[in-house]
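Atoms within a ligand are numbered from 1 in the order they appear, just like the ligands themselves. FYI, side chains are in, hydrogens and waters are out, and symmetry mates aren't considered; it's all heavy atoms of this structure.
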Amino acid sequence: MLKKARIAVLVSGGGTNLEHLLLAQERGELPHGEIVLVVSGNPSAYALTRAEKHGVPAVCIPKKDTPQEYFEKLLSQKLQDFGVDFLILAGFLSILSENFVKQWPEKILNIHPSLIPSFCGKGFYGLKVHEAALARGVKVTGATVHFVNEIPDGGTILLQKAVEILPGDTPEILQKRVMEQAEWVLLPQAAELLAQRLTQEPASR
Ligand code: GRF
């Protein structure tokens, strides 16, 4: 058996996506990967407490008032110390520089609460995504897990899941449904998919 892919999850807030990754791991649904580190840029992120409750090392690298380059230097050092193979951005609100992203080609996954290319890019975060979907009147939305590339707003799409919009939906109701039906299901699946790819033995010649 090859070694498991070592995963770092980057968070900024509540960490419900992190929670579902950890629960999936505990249910044995992440056989090719292991979450070895949780990093937050925000010292009061509840996600840090969640990580500790699940016995996963959690560190804060304060983002506020730290120059981007220095923040990324500290982050890179941590990732190296923990022997991380790939990263998952689970509600991580800071933008990583092109220089940082270049060092992790097809190794940074992000989850976005819409069906990309709809309602994504600059300014589309949190409730704003769902407000825009409701304002446009689309009948279906969902979530997307994609790789983060150097191209702005770009990256190969790995998995998507659709969610129905129902009469009477508010942005808050829709956000909750997208999380429950798509994000919390999709992110653990994507983590396992990438872990599997990275630990697969190269095809014999
Ligand atoms: C999620 O909606 C995710 O799609 C977005 O940020 C939110 C994070 O929520 N990128 P949580 O911190 O995982 O609860």
Residue pair Gln160, His146: steps toward the side-chain hydrogen bond (donor to acceptor under 3.5 Å, both in side chains) verdict: CA-CA 9 Å; Gln160 288 188 303; His146 65 98; over 6 Å; no
CA sep, side-chain torsions, deciding dist, call: Phe92, Ile108, side chain to side chain contact (heavy atoms under 4.5 Å, CB included): CA-CA 12 Å; Phe92 182 65; Ile108 306 178; over 6 Å; no
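For atom 4 (O) of ligand 1, the nearest protein heavy atom (residue, atom name, distance) is Glu183 OE1, 2.7 Å. For atom 8 (C) of ligand 1, the closest heavy atom belonging to the protein is Gly91 CA, 3.5 Å. In this structure, the protein non-hydrogen atom closest to atom 12 (O) of ligand 1 is Gly15 N, 2.8 Å.
By the 4.0 Å heavy-atom criterion, Met179 is counted among the residues contacting ligand 1.
Here's the thing with His112: none of its N/O atoms is less than 3.5 angstrom from an N/O atom of ligand 1. By the 3.5 Å distance cut-off applied to N or O atoms, Thr16 is counted among the residues near ligand 1. On a distance-only criterion, Gly13 and ligand 1 share no N/O pair closer than 3.5 Å. Considering backbone and side-chain atoms alike, Ile111 places an N or O below 3.5 Å from some N or O of ligand 1.
Put simply, the side chain of Thr144 gets close to the backbone of Ser114: a donor and an acceptor are under 3.5 Å apart.
Near Pro113, meaning under 4.0 Å from one of its heavy atoms, ligand 1 places the atoms 4 (O).
Counting heavy atoms from C-beta outward, Leu22 and Val9 have side chains that stay 4.5 Å or more apart. Contact check for Leu93 versus Asn42: no side-chain heavy atoms found under the 4.5 Å cut-off. Residues Leu23 and Trp184 fail the side-chain proximity criterion, which asks for heavy atoms closer than 4.5 Å. Proximity of Lys78 to Val84: side-chain heavy atoms (C-beta onward) are nowhere separated by under 4.5 Å.
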